[in-house]
Amino acid sequence: MKPMQDRVEPPFWMQGNFAPVTEEITAFDLPVDGAIPPELSGLYVRNGANPRHGQSSHWFLGDGMLHGIAIEGGKAQWYRNRYVRTPIYEGAPRTLLSGLDIRYALSNTSVVAHANRIMALVENALPMEISRELETRGFNDFGGRLATSCTAHPKICPVTGEMHFFGYRVIPPYLTYHVADAAGALVRSVEIPVKAATMIHDFALTAHYAIFMDLPVVFDMPTAMTGSTMPFQWSESHGARLGVLPRRSGADALRWIDIEPCYVYHVANAFEEANGAIVLDVARYDEHWRGGPRRNAFDTAALTRWRIPPGATRAEETRLDDRSIEFPRIDDRRTGLAHGIVYALATEGSLADGVFTELLKYDLKSGRADSRPFDGELPSEFTMVSPAEAAGEDEGWLMGYVYDRASARSDLVILDAGDIGGKPVARVRLPVRVPQGFHGTWIASEPR
């Protein structure tokens, strides 16, 4: 009798609440525990990877699925989950060459609303426009002017209304910075000189600068030629630096600031001090993907501050907390301006462990960190929503999807941002499970 073969454990993104859901549904008049604040009128929508057929080869490579809830007049009018209908979703084959085409990619990472358009985003493709009902409308190439991909983390300047973003590629030019004006027209594109193709997930914006992270997770062509879907790995020789570019200048005004080797997926925010120093708060990994992406492992990040004094060529680095965190967010109205509060998810171990334990609220002025534990539940990223332009940084609500292990269903949980440990303001009950995903946003209804 032949011995039984060892069972291969599925990768973490196919287990528990990482695993995909199988149907698109629409549900109306959702039950609510508590009371949705009447000031809330709009759409909360979050993106994430949800493989349509079988399993994907990496957590980052599942088909994009949007999960949205429409709120109006204190009621949760509907919930919808919809795939983003990309060419890959529609059945186009994946090849090495097609991976270089910005119209040929998944759209599974985040959502942005700008200039009366809602767009689903992923860092290696054009933005994909969607409707308020989450139906796919098609790629937005800004009237044919955008020739690169668009980061999943554009920054909208609260002063000018401009959307700042970048695209990176594995062939030259490796990195290009873009600006769309408040009306949604692409008005600037600047090639940023970097020495190699690296994985660049996010960047930072201040009142006067765009700041790019040139970090040592590099594209590896031999790995790509083997058919690998994630051909990036840690490099001991690449180094790490920040590129500081005045927002209105060309690449000749770029200056590079050295930092200790590390990796960063997510920037909470950046701003300028009165003396001209630049401050960035990030979720910093000591290293990432040494030897390439690993099947059931992920590294851990900590909230870290870089400060660049005027005239400096190297940044000062301060670890603000030793806890493992990810998905740092601020009140988006403070983008590029001084912030005093950062919200983040605490993780027990790495993201691959799938244990998101607490929502953290860092008061950076006092050094205090408040927390909200989730016993028997798994939270996702929370988004800060403010009720009015005059509100303070924590005057408003935090909202995010939370999975309940006992019922195997999810809720949209709305918390008082001023008291994250208190009883939820409201809990919108969903008839389905929302898998652990990536990034969401609140899109306020247009004034009537």
Apply side chain to side chain contact (heavy atoms under 4.5 Å, CB included) to Leu364 and Ile341, showing your working.
CA-CA 6 Å; Leu364 302 178; Ile341 295 173; over 6 Å; no
Backbone N/O of Gly340 and side chain of Glu393: donor-acceptor pair under 3.5 Å:
yes
Counting N and O atoms only, with roles assigned by atom type, does the side chain of Arg405 sit under 3.5 Å from a partner on the main chain of Leu378, one being a donor and the other an acceptor?
no
May I ask you to check whether over 12 heavy atoms, not counting those of Glu348, lie within 6.0 Å of atom CD?
no
One should read off an interatomic distance between Tyr174 OH and Thr198 OG1, to the nearest 0.5 angstrom, of 10.0 Å
One thing to verify: whether Asp321 and Arg323 come together as a salt bridge, which I'm taking to mean a side-chain N less than 4.0 angstrom from a carboxylate O.
yes
Mind listing the closest non-hydrogen atom pair of His114 and Ala180 along with its distance?
CE1-O, 4.1 Å
Ion pair present between Arg429 and Asp411, side-chain N to carboxylate O less than 4.0 angstrom?
yes
Please confirm whether the backbone N or O of Arg305 pairs with a side-chain atom of Arg284, one donor and one acceptor, at under 3.5 Å?
no
Pairing of Glu24 and Arg80 as salt bridge, 4.0 angstrom limit:
no
Distance, nearest 0.5 Å, that separates CG of Asn124 from OG of Ser107
9.5 Å
Residues Leu242, Met213; criterion side chain to side chain contact (heavy atoms under 4.5 Å, CB included); working and verdict
CA-CA 5 Å; Leu242 306 174; Met213 297 180 290; 3.7 Å; yes
Is a salt bridge present between Glu135 and Arg82, judged by a nitrogen-to-oxygen distance below 4.0 Å?
yes
Any idea which heavy atoms bring Pro158 and Leu337 closest together, and the distance?
CG-CD1, 4.0 Å
Under 3.5 Å, side chain of Asp281 to main-chain N/O of Val267, donor-acceptor pair present?
no
Mind checking whether Phe327 and Phe356 have parallel, tilted or perpendicular rings, split at 30° and 60°?
tilted
Val402 and its side-chain contact (heavy atoms from CB on, under 4.5 Å) partner, picked from Val434, Leu359, Val413
Val413
Between Arg103 and Asp141, is a salt bridge (charged side-chain N to carboxylate O under 4.0 Å, His left out) present by the stated rule, with each step listed?
CA-CA 9 Å; Arg103 294 179 182 272; Asp141 63 2; 2.5 Å; yes
Is a salt bridge present between Lys361 and Asp394, judged by a nitrogen-to-oxygen distance below 4.0 Å?
yes
Pairing residues for Asp332 by the side-chain hydrogen bond (donor to acceptor under 3.5 Å, both in side chains) criterion, not counting sequence neighbours
Arg329
Is the shortest heavy-atom distance from the side chain of Leu430 to the side chain of Leu30 under 4.5 Å?
yes
I want to check something: taking the side chain as every heavy atom from C-beta on, are Met119 and Ile130 in contact at a cut-off of under 4.5 Å?
no
Pairs in or reaching into residues 186-205: which pass salt bridge (Lys or Arg N to Asp or Glu O under 4.0 Å), with residues at least two apart or in two chains?
Lys155-Asp202
Considering the options Arg427, Arg372, Arg409, which one meets the salt bridge (Lys or Arg N to Asp or Glu O under 4.0 Å) requirement together with Glu377?
Arg427
Trace of the side chain to side chain donor-acceptor pair (under 3.5 Å) decision for His208 with Glu272
CA-CA 8 Å; His208 298 100; Glu272 299 161 40; 2.9 Å; yes
Any donor-acceptor pair under 3.5 Å linking the side chain of Thr160 with the backbone of Glu162?
yes
Do Leu134 and Val45 have side chains that get closer than 4.5 Å, going by heavy atoms?
yes
Using the benzene-type ring in the case of Trp, are the ring centres of Phe142 and Phe165 under 6.0 Å apart?
yes
Main chain of Gly138, side chain of Arg85: is a donor-acceptor contact present, judged purely on distance under 3.5 Å?
no
From CG (Asn50) to CG (Leu106), nearest 0.5 Å:
11.5 Å
Once you measure the plane-to-plane angle for Trp59 and Phe438, does it fall in the parallel (<30°), tilted (30-60°) or perpendicular (>60°) bin?
tilted
Relative to each other, are the rings of Tyr89 and Tyr83 parallel, tilted or perpendicular (30° and 60° limits)?
tilted
Side chains of Asn81 and His67: do they bring a donor and an acceptor to under 3.5 Å?
no
Using modelled atom types and a 3.5 Å cut-off, is there a donor and acceptor pairing between side-chain atoms of Trp13 and backbone atoms of Ser56?
yes
For the residue pair Ile192 and Phe166, establish whether any side-chain heavy-atom pair is separated by less than 4.5 Å.
no
Nearest heavy-atom neighbours spanning Tyr44 and Gly440
OH-CA, 4.2 Å
Trp289 vs His58 aromatic rings, parallel, tilted or perpendicular, using cut-offs 30° and 60°?
perpendicular
Closest non-hydrogen contact found for Ala270 with Ala204 is CB-CB, 3.7 Å
Is the shortest side-chain heavy-atom distance between Ser386 and Glu395 below 4.5 Å?
no
Could you check whether any side-chain N or O of Gln233 sits under 3.5 Å from a backbone N or O of Val218, counting only pairs where one atom can act as donor and the other as acceptor?
no
Thr335 side-chain N/O to Arg333 backbone N/O, donor-acceptor pair under 3.5 Å
no
Say you draw a straight line from OG of Ser410 to OH of Tyr403; how long is it, rounded to the nearest 0.5 Å?
7.0 Å
Verify side chain to side chain contact (heavy atoms under 4.5 Å, CB included) between Leu245 and Phe212, making sure each step is shown before the conclusion.
CA-CA 8 Å; Leu245 177 71; Phe212 306 95; 4.3 Å; yes
Which value, rounded to the nearest 0.5 Å, describes the distance between Ile71 atom CD1 and Leu40 atom CG?
6.0 Å
Is the number of heavy atoms from other residues, nucleotides or ligands within 6.0 Å of NE2 (His238) greater than 12?
yes
Min side-chain heavy-atom separation His201-Tyr263 under 4.5 Å:
yes
Checking Glu129 against Arg117 for the salt bridge (charged side-chain N to carboxylate O under 4.0 Å, His left out) test, could you report, in this order, the C-alpha distance in whole Å, the side-chain angles of both residues, the deciding distance, and whether it holds?
CA-CA 7 Å; Glu129 188 173 355; Arg117 279 180 158 161; 3.2 Å; yes
Stepwise side chain to side chain contact (heavy atoms under 4.5 Å, CB included) check, Trp306 with Cys262:
CA-CA 12 Å; Trp306 288 316; Cys262 63; 3.6 Å; yes
Judged by atom type as modelled, is there a donor-acceptor pair below 3.5 Å linking the side chain of Asn108 to the main-chain atoms of Gly62?
yes
Sub-6.0 Å ring centroid separation between Tyr343 and Phe382
no
Side-chain contact test, heavy atoms from C-beta onward, threshold under 4.5 Å: evaluate it for Thr109 versus Glu123 and give yes or no.
no
If you round to the nearest 0.5 Å, how far is CD1 of Ile200 from NE2 of His153?
13.0 Å
Any idea which heavy atoms bring Ser324 and Thr300 closest together, and the distance?
OG-CB, 3.5 Å
Heavy-atom check, side chain of Thr206 versus side chain of Ile211, under 4.5 Å
yes
